[in-house]
Enquirer: 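Sharing a structure with you now.
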Amino acid sequence: MKTPTLTVSDILKRKHFEHAKVVAGHNGLNRPVKWVHVVEVVNIHHLLNGKELILSTGVGWKENKELFQSFVKQLIDCDASGLCIEIGMHTPSVPQEVIDLANAHYFPIILFLREVPFVEITQDIHTHLINQHYEIISGLESYSQQLNKKLLSMDPYSELLKLLHHYSGHQVIFKINGREVEVFPKYNKTVKGEQLAIDNYTASGKRTAIQPIRFLGNEYAELSIMSTGKEISEFDLLILDRTATALAQHLLRDLYIDEKKRVEENEWLKSWLEGEHPIESVFSYLAEYGAEPNPKGGMVLVIHFKSSIKQCSNLDMMYFKVLCRTIFEQQGFSTFPVDFHSSIVFIMTNNREMKTWKSRMKVGLNTLLGSDYIQKKKWPQFIVGVGKFIENVSHMDKSYRTALETIKIQYHLGDRSNSCFYEDLHIYRIISLIHKYNDLYEVVMEYLEPVLQYDEKYNANLLETLKVYLACNGSKKETAQRLFVVRQTLYHRIQKLESLLGEDFMNPEKRLAIEFMIKAYEYLNSQNMWSSSIERDRLPGV
């Protein structure tokens, strides 16, 4: 569709301009005109919005050359379209300095050599501009109707891009997660070279317009138009915005349908978590659903809720999974959610370098937890556990076990937990394993009972002193500073520890055992509110 645009050159062909003469700024006659003003004051910069054609008799500056020059400079700075002056008693001529200034900025100065009715000029041009705006509104309405028809007819999104190209005449470029997925029409040799303008766009170029496509509070895709000829018009920007909105609806609908289909395959995915599918079956599944068919490893992410996720509506949970999918896809992961009673388990395959998986996962988790959708919704309290990274994606049962173990350890540690990654838990993994197969409490009391009994009887703080003293590698000065006590008090406490634990408690092997038992004691004495729900969600054999 040809977009109506009125330029200075077009206006020179209209009524009352038969005896007009361009004396400066010939190279700017293609400037667009959005409105016409009659101005007789010299301080005008705060009254203009840009693209106005100014009519004047020059009474404001009369024959003052400096005021005239200042007036023209203000018009140039405000991006006015041009200046029309009626030659007469107030302005018999235009100084050469003003002509030079206008030529340098391609700013048209037009002289009326005969008296003209400014009222009729403004009425004529304003009528024309209003009719142009009506054409734009009519064209936009027609375009919106065609967009809606294509959305309702379930056409692929490429049809929306073709429609945008047909109406605008510009090159259309569509990206999802920063990756170019559609260009219409396809690049030819000339346009291919111009495509670099997308990445080097500046507002002054006016040859490229970019519209981000956002839903669920995140930028998911990007729609651009690029012109190698005419400038992008206001109408082009309007239909670009309408198309981006339609694409957001189209993409969200596709994601929703895709997630609904995945719910029906929950059982297959549970078998994957149990390690029952060979690598060939996993690769076939990934290829069928458009994921990377030969991923670079993967892991399991468990999001465990304090209460049953059935308290959330089906629509909320569907959107939550779509949100997770869009966030982690941007970080290079393909996600496959599996629903349990109190958890959503995400099988995640890695599509980028293995050495960066953890940093990318951290970015994704921070984005998820900080998203408006999570912050504003009254979600049940939940905790996150990331299992061991697995290179062979048919062995996801190993990552799943470690993800559940991560959740369990975090519940034991409470606020002392500083990571949701299994590989960061180190000594707590060993403590959890010992606790699972042995009476860990009995072993802990064998080492720490004298100190604990003393603290309980005398309301002392020996266990904390012991913990800090070991953390400071036996440095009395540093320990006293961290405990905020004087040296003499610390010496007294250390003597008491020697009497309770033995004078050799700082010997390497015994010291290591004591440090381990302190960690185990903290693990055992933390709240374990949700362990029963974790066990309930565990698959048989996992």
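Remember, it's a predicted structure, so these values are computed and weren't measured experimentally. Only this structure's heavy atoms are used, side chains among them; waters, hydrogens and symmetry mates stay out.
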Enquirer: Between E222 (side chain only) and I213 (backbone N and O only), is there a donor and an acceptor less than 3.5 Å apart?
Expert: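 Flag not set: sc E222 to bb I213 has no pair under 3.5 Å.
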Enquirer: Does the side chain of S475 pick up a donor-acceptor pair with the side chain of N473 at under 3.5 Å?
Expert: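 No, no side-chain donor-acceptor pair sits under 3.5 Å.
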Enquirer: Taking ring-ring contact (aromatic ring centres under 6.0 Å, His included) as the test, write out the residues that go with F174, two or more places apart.
Expert: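 So F174 forms a ring-ring contact (aromatic ring centres under 6.0 Å, His included) with Y157.
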Enquirer: Check for a donor-acceptor pair, side chain of S399 on one end and backbone N or O of I390 on the other, with a separation under 3.5 Å.
Expert: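 Not at all, since once roles are kept as given, no pair shorter than 3.5 Å links the two residues.
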Enquirer: Can you find a pair of side-chain heavy atoms, one from L164 and one from L240, that are under 4.5 Å apart?
Expert: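 Contact flag for L164/L240 side chains = yes.
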Enquirer: If you look at every heavy atom in K296 and R352, which pair is closest and at what distance?
Expert: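 The answer is CD-O, 3.1 Å.
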Enquirer: Given K34 and E234, is the side-chain contact (heavy atoms from CB on, under 4.5 Å) satisfied, shown in steps?
Expert: CA-CA 11 Å; K34 292 186 176 181; E234 182 180 354; 4.2 Å; yes
Enquirer: Would K398 count as a cation-pi partner of F389, with NZ or CZ less than 6.0 Å from the six-membered ring centre and within 45° of the ring normal?
Expert: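 Judged by the rule, K398 and F389 form no cation-pi pair.
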Enquirer: Distance-only, no hydrogens or angles: does the T406 side chain make a donor-acceptor pair with backbone N or O of G387 under 3.5 Å?
Expert: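 No.
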Enquirer: Please identify each residue that fulfils ring-ring contact (aromatic ring centres under 6.0 Å, His included) with H165, with sequence neighbours left out.
Expert: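 For H165 the ring-ring contact (aromatic ring centres under 6.0 Å, His included) partners, ignoring immediate neighbours, are F184.
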Enquirer: Would you name the heavy atoms of L237 and A209 that are closest together and state the gap between them?
Expert: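 For L237 versus A209, the nearest heavy atoms are CD2-CB, 3.6 Å.
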Enquirer: Locate the shortest heavy-atom distance separating G364 from I327; write the atom from each residue and the value.
Expert: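 Between these two residues, the closest heavy atoms are O-CG2, 3.4 Å.
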Enquirer: Answer yes or no: is there a side-chain heavy-atom contact under 4.5 Å between V386 and Y422?
Expert: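 They are not in side-chain contact.
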Enquirer: Output all residues satisfying salt bridge (charged side-chain N to carboxylate O under 4.0 Å, His left out) with E141, sequence neighbours left out; order by chain, then residue number.
Expert: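 With neighbours one apart ignored, the set is empty.
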Enquirer: Decide yes or no on side-chain contact (heavy atoms from CB on, under 4.5 Å) for F340 and V338, but give the supporting numbers first.
Expert: CA-CA 7 Å; F340 288 88; V338 189; 3.8 Å; yes
Enquirer: Keeping S371 on the side-chain end and L368 on the backbone end, is there a donor-acceptor pair under 3.5 Å?
Expert: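 Between the backbone of L368 and the side chain of S371 there is a qualifying donor-acceptor contact (under 3.5 Å).
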Enquirer: Against S334, only a single residue in I347, N350, T349 fulfils side chain to side chain contact (heavy atoms under 4.5 Å, CB included); can you say which?
Expert: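 Going through I347, N350, T349 one by one, the side chain to side chain contact (heavy atoms under 4.5 Å, CB included) with S334 is satisfied by T349 alone.
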Enquirer: So, for V384 and I407, which heavy atoms are closest and what is the spacing to 0.1 Å?
Expert: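 Heavy-atom minimum between the residues: C-CD1, 3.5 Å.
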Enquirer: Relative to each other, are the rings of H277 and W268 parallel, tilted or perpendicular (30° and 60° limits)?
Expert: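 H277 vs W268 ring planes: parallel.
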Enquirer: Go through the structure and list residues passing side chain to side chain contact (heavy atoms under 4.5 Å, CB included) with D424, not counting sequence neighbours.
Expert: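 With sequence neighbours excluded, D424 shows a side chain to side chain contact (heavy atoms under 4.5 Å, CB included) to K358, S419, F421, given in chain and number order.
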Enquirer: Can you tell if the side chain of L404 reaches within under 4.5 Å of the side chain of R401, non-hydrogen atoms only?
Expert: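 Counting from C-beta outward, L404 and R401 never come under 4.5 Å.
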Enquirer: List in chain and number order the residues that pass ring-ring contact (aromatic ring centres under 6.0 Å, His included) with Y143, two or more places apart in sequence or in another chain; answer none if no residue qualifies.
Expert: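 If we apply the ring-ring contact (aromatic ring centres under 6.0 Å, His included) test to Y143, skipping adjacent residues, the hits are Y167.
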Enquirer: In chain order, what residues pass the salt bridge (charged side-chain N to carboxylate O under 4.0 Å, His left out) check against K150, with sequence neighbours excluded?
Expert: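 Applying salt bridge (charged side-chain N to carboxylate O under 4.0 Å, His left out) to K150 gives E159.
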Enquirer: Any ion pair linking K467 and E522 (charged N to carboxylate O, less than 4.0 Å)?
Expert: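 Yes.
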Enquirer: Supply the atom-to-atom distance L365 CG to C324 SG, rounded to the nearest 0.5 angstrom.
Expert: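 Output value for this atom pair is 9.0 Å.
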Enquirer: Return yes if some donor-acceptor pair links the side-chain N/O of R31 with the main-chain N/O of A80 below 3.5 Å, else return no.
Expert: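 Yes, the answer is positive, given that a donor and an acceptor are paired below the 3.5 Å cut-off.
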Enquirer: Shortest non-hydrogen contact from V451 to L463?
Expert: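 Looking at all heavy atoms of both residues, the closest pair is CG1-N, 3.7 Å.
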Enquirer: Compute the ring centroids of F336 and Y285, then answer whether they are less than 6.0 Å apart.
Expert: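 For F336 and Y285, the ring centres are under 6.0 Å apart.
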Enquirer: Using side chain to side chain donor-acceptor pair (under 3.5 Å) as the criterion, point out the one residue from D339, T326, T335 that pairs with K321.
Expert: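 Of all the options given, the one that passes is D339.
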Enquirer: Any heavy-atom pair between the side chains of Y220 and E329 that's under 4.5 Å?
Expert: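 Of all side-chain heavy-atom pairs linking Y220 with E329, at least one is under 4.5 Å.
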Enquirer: I need the E478 CD to L483 CG distance, nearest 0.5 Å.
Expert: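 If I round to the nearest 0.5 Å, the distance is 10.5 Å.
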Enquirer: Within a reach of under 6.0 Å around CZ of F283, are more than 12 heavy atoms found that belong to other residues, nucleotides or ligands?
Expert: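 Counting neighbours around CZ of F283, more than 12 heavy atoms of other residues, nucleotides or ligands fall under 6.0 Å, so yes.
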Enquirer: Is there a side-chain contact between R482 and C472 in this structure, where contact means two heavy atoms from C-beta onward sitting under 4.5 Å apart?
Expert: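 Of all side-chain heavy-atom pairs linking C472 with R482, at least one is under 4.5 Å.
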Enquirer: Does the side-chain contact (heavy atoms from CB on, under 4.5 Å) test come out yes or no for F328 and M361, once each step is laid out?
Expert: CA-CA 8 Å; F328 289 109; M361 177 60 68; 3.5 Å; yes
Enquirer: Between I344 and P337, which heavy-atom pair has the shortest distance, and what is it?
Expert: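 Heavy atoms of I344 and P337 come nearest at CG2-CB, 4.2 Å.
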Enquirer: For a quick check under 3.5 Å, do R242 and S144 share a side-chain donor-acceptor pair by atom type?
Expert: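 Yes, a side-chain donor-acceptor pair sits under 3.5 Å.
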Enquirer: Nearest 0.5 angstrom please: L470 CG to I518 CD1, how far?
Expert: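 Rounded to the nearest 0.5 Å, the CG-CD1 separation comes out at 5.0 Å.
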Enquirer: Can you measure from CH2 (W272) to NE2 (H395) and round to the nearest 0.5 angstrom?
Expert: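 These two atoms lie 12.5 Å from each other.
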Enquirer: Is there a side-chain contact between Y319 and L252 (heavy atoms, below 4.5 Å)?
Expert: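 They are in side-chain contact.
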Enquirer: Could you check V183 against Q171 for side-chain contact (heavy atoms from CB on, under 4.5 Å), going step by step and ending with a plain yes or no?
Expert: CA-CA 8 Å; V183 177; Q171 188 84 20; 3.1 Å; yes
Enquirer: Is there a side-chain contact between P295 and L286, using heavy atoms and a 4.5 Å cut-off?
Expert: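 Yes - at least one pair of side-chain heavy atoms lies under 4.5 Å apart.
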Enquirer: If you round to the nearest 0.5 Å, how far is OG1 of T208 from CD1 of I225?
Expert: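 Separation between the atoms: 8.5 Å.
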Enquirer: Is S394 reaching over with its side chain to a backbone N or O of P278, donor-acceptor style, under 3.5 angstrom?
Expert: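 No, because the side chain of S394 does not come within donor-acceptor range (under 3.5 Å) of the backbone of P278.
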Enquirer: With a 3.5 Å distance limit and no angle check, can you tell me whether T245 reaches the backbone of D241 through a side-chain donor-acceptor pair?
Expert: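 Yes; judged by distance alone, with no hydrogens or angles, the pair exists.
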Enquirer: Verify the neighbour count for atom CD of Q481: are there more than 12 heavy atoms of other residues, nucleotides or ligands below 6.0 Å?
Expert: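 More than 12 within 6.0 Å, yes.
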Enquirer: Any donor and acceptor pair, going by atom type alone, linking the side chain of D236 with main-chain N or O of I232 inside 3.5 Å?
Expert: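 No.
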Enquirer: Could you measure the distance from the CD atom of Q211 to the CD1 atom of I239? Nearest 0.5 Å is fine.
Expert: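 One gets 12.0 Å once the value is rounded to the nearest 0.5 Å.
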Enquirer: Is it the case that the side chain of T356 and the backbone of E353 share a donor-acceptor pair, with hydrogens and angles ignored and the cut-off at 3.5 Å?
Expert: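 Checked: pair present.
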Enquirer: Evaluate the side-chain proximity of F346 to I303: yes if any heavy-atom separation is below 4.5 Å, no if none is.
Expert: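 When only atoms from C-beta onward are counted, F346 and I303 do touch, with a gap below 4.5 Å.
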